[in-house]
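Order of appearance sets the numbers: ligands from 1, and atoms from 1 within every ligand. Numbers here are sequence positions counted from 1. The model shown is predicted, which means the values in this text are computed figures rather than measured ones.
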Amino acid sequence: MPTEKNTGSQLAGTDTPDRENSNRKLEQLDEFREDATDEALTTNTGTRIADNQNSLKAGERGPSLLEDFILREKITHFDHERIPERIVHARGAAAHGYFQVYEPLAELTKADFLNEPGKKTPVFVRFSTVQGPRGSADTVRDVRGFAVKFYTDEGNFDLVGNNMPVFFIQDAIKFPDFVHAVKPEPHNEIPTGASAHDTFWDFVSLVPESAHMVLWTMSDRAIPVAYRGMQGFGVHTFRLVNAEGRSVFVKFHWRPLSGVYSLVWDEAQKLAGKDPDFQRRTLWEDIEKGDYPEWELGLQVIPEEDEHKFDFDLLDPTKLVPEELVPVRKVGRMVLNRNPDNFFAETEQAAFHPGHLVPGIDFSNDPLLQGRLFSYTDTQLSRLGGPNFNELPINRPLCPFHNNQRDAQHRQTVNKGRAAYEPNSIDGGWPKETPPAPRHGGFSSYPEPLSGTKLRKRADSFADHFSQARLFYNSLSETEKGHVVAAYSFELGKVERVHIRERQVHEILANIDLDLARQVAENLGLTPPQAPTVQVPEGTLKASPALSQMNLLPGNIKSRKVAILIANGVQGSDVEFLQGELAKAGASAKLLAPSSAPVNTAEGRQLVPDATIAGLPSIAFDAVFVPAGDSAAKTLGKDGDALHYVLEAYKHLKAIALCGAAGDLASQLYLEADEGLISGATAKDVVKPLFDAIARHRVWAREPKAKAVPA
Ligand code: HDE
């Protein structure tokens, strides 16, 4: 696949016939982009400003004058710069890109963008955490939002998903309760960006339907390294509808080409302090340097007649469809290749909505999805200040949009017609309806036959809350299970009320897995549970290997980042060799030195460090490399920051390669060689085992030993 270079607003993404250019959204945005270069400073009404340093006063030392319209306009605008942040998913970052389907999916859907392989549909994708406010840290333990806006030729389609395939609750009416419980405690607004507190665990321990999703949030999935290392899921069951009007159920998946990989908990916590912008920074930098994150879109297709074939209900959002039962068919790819120009105008004002649909896609009756269909428009009214938010540049569809909606706050369209109603004869009856058609017709809902008694009731088929939680736990490797035990123990350890800890362990965890419950009980000093409290049905599957992220690594080191520690006297040839090999593998490195001053190599050349060793900690990298060079090794061996660097990378189970005299750093720190702590005479000797270890992501076998190493 030819690589693409990010060349400002002129993207050159042309690896297939490009009938509909993926730049169209960027071109539409161009209309609204402002470039003030060579322009005069003016008021908002265009009056040129002569003095932007001093307000208007009655005498040099006199009071300011009310007539100063320049001061008043500037301060008034400033006073209103903030809009309400999103109630959930407030913290996030986004990028532009495109989606391209591999082959026409005509048998499944009439949606145009899923039928035209030559077409690149522009997308805008926003990733987020859920609990914390706009200024919170990226790496907290939390679910990640994964919201994709497709600007299709038939209107915008928003796939507003998460990086986990299930959700905490089954019915929308519980969402405000759940969110109030997970948000910071009401009296002191603590903790920020974390679920480790009483109200969250009080709620989830009383609501067993949350068991499965809480288990996902206690797994490594909740501490991803990078957005590009996350899967995405539509969560709910949706429908696809084809030209003949036939419908199938579908689950949407995003598969990252970089694989699925996570932080270790100590690293996540440290990053939250040392670089709270870690994930948005990585996304930004990767795109700027042309290392574009990519995902494949996957579909699990379930024929209508198979709706009741499973041991769970397809409409229950606390259940996933195991891939071993319904395989994921990869149907297209998404590339993120352009950073926004303005965070507020694009990322903050983006309004996603699961109800933004195009013909060929439809809803299921999942009661959580049905509630969302109300919420997302409603929330924009207070967040974006009125019902015209779809006119904002980032939200405007690319195709024409016309209707008889008029006026309201911030209206931008200047409607010319005289008749803002339909039917009308004054404007020739326009704009008119488009009848449904096999392709490019008007939207019509799938005519699902319905009948029922009006009632408030949870379906009996939603009653089993534990068998899939058990399936997920059983599918994890021993290492991953250990992380889950540690996460429950950490979180519940922060819960002050002992009865809440006990309830979670005895009434929830014991029904997922007795061993898990007992280990957590032991860590918390609670009586270990003896038996489950409910009869958990035997699931169809004992384990689903597709759920363990240990099975989801790509087997290469593309886009991984290596820290190279250098000091005067470093072997420059080692540095160059490794940099060259990394570039060939699609990975990158940064040079870190004790200070920002240029470093003299043993060969008499100079290397300019990218940062200081103290300035870019090991937690920001996937691996550490220390090149050969006697005097460099001596300097680093006496530098506390450098020693801490290697020790910390060891503790976080990272690949470390030490060359020549730098090998002594390992003995100085009492670190034993293993498959990821490699030494050799030169970079050439260590490159293969180093890259293999990076491709395995962590040296899991080191974990028990690393526990004894100071944090
Ligand atoms: Fe959301 N959710 N949600 N949600 N959600 C919002 O919409 C809501 C749910 C998700 O990057 C809000 O514009 C209700 C599931 C993402 O801008 C709000 C219910 C899933 C984002 C809202 C759910 C999500 C949101 C806040 C239960 C995964 C961020 C601001 C019925 C499938 C989108 C906004 C972005 C945002 C409501 C449940 C994903 C308040 C009522 C399930 C990724 O409207």
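Under a 4.0 Å N-O distance rule, the pair D153/K119 qualifies as a salt bridge. Between D341 and R338 there is a salt bridge, since at least one side-chain N of the basic residue sits less than 4.0 Å from a carboxylate O of the acidic one. E348 and R86 are joined by a salt bridge, as a carboxylate oxygen and a charged side-chain nitrogen come within less than 4.0 angstrom of each other.
Checked against the 6.0 Å centroid criterion, the rings of F150 and F99 qualify as a close aromatic pair. Residues F238 and F252 bring their aromatic ring centres within 6.0 Å.
In terms of polar-atom proximity, Q380 is counted as a contact of ligand 1, with an N or O under 3.5 Å from an N or O of the ligand. Residue-to-ligand polar distances keep S128 apart from ligand 1: every N/O pair is separated by 3.5 Å or more.
At a 4.0 Å heavy-atom cut-off, ligand 1 touches V235 through the side chain alone.
Considering only non-hydrogen protein atoms, atom 24 (C) of ligand 1 sits nearest to R372 NH2, 3.1 Å. Nearest protein neighbour of atom 43 (C) of ligand 1, counting heavy atoms only, is G161 O, 3.2 Å. Protein heavy atom at the shortest distance from atom 44 (O) of ligand 1 is S375 OG, 3.0 Å. Among all protein heavy atoms, the one lying closest to atom 17 (O) of ligand 1 is R86 NE, 2.6 Å. Nearest protein heavy-atom neighbour of atom 8 (C) of ligand 1: F175 CE2, 3.3 Å.
Crowding of Q405 atom CD: a count of heavy atoms from other residues, nucleotides or ligands under 6.0 Å not exceeding 12.
With respect to R228, the side chain to side chain contact (heavy atoms under 4.5 Å, CB included) criterion is satisfied by exactly one of D291, L336, I287: D291.
Proximity of a side-chain donor or acceptor of N388 to a complementary backbone N or O of E391 within less than 3.5 Å is not detected.
S467 and D464 share a side-chain donor-acceptor pair at under 3.5 Å. Looking only at atom types and distance, the side chain of S262 has a donor-acceptor partner in the side chain of Q549 under 3.5 Å away.
Contact annotation: Y376 places an N, O or S atom under 2.8 Å from atom 1 (Fe) of ligand 1.
Atoms of ligand 1 lying under 4.0 Å from any heavy atom of N162, numbered from 1 in the order shown and given with element: 20 (C), 28 (C), 39 (C), 43 (C). For ligand 1, the atoms lying closer than 4.0 Å to a non-hydrogen atom of A172 are 31 (C). Set against the non-hydrogen atoms of G145, the atoms of ligand 1 under 4.0 Å away are 43 (C). Interface of T379 with ligand 1, defined as ligand atoms under 4.0 Å from a residue heavy atom, comprises 7 (O), 13 (O), 30 (C), 34 (C), 40 (C), 44 (O). Every atom of ligand 1 with a heavy atom of V88 under 4.0 Å away is listed here by number and element: 2 (N), 6 (C), 26 (C).
For the residues M164, R91, H89, R126, the heavy atom positioned nearest atom 35 (C) of ligand 1 is part of R126.
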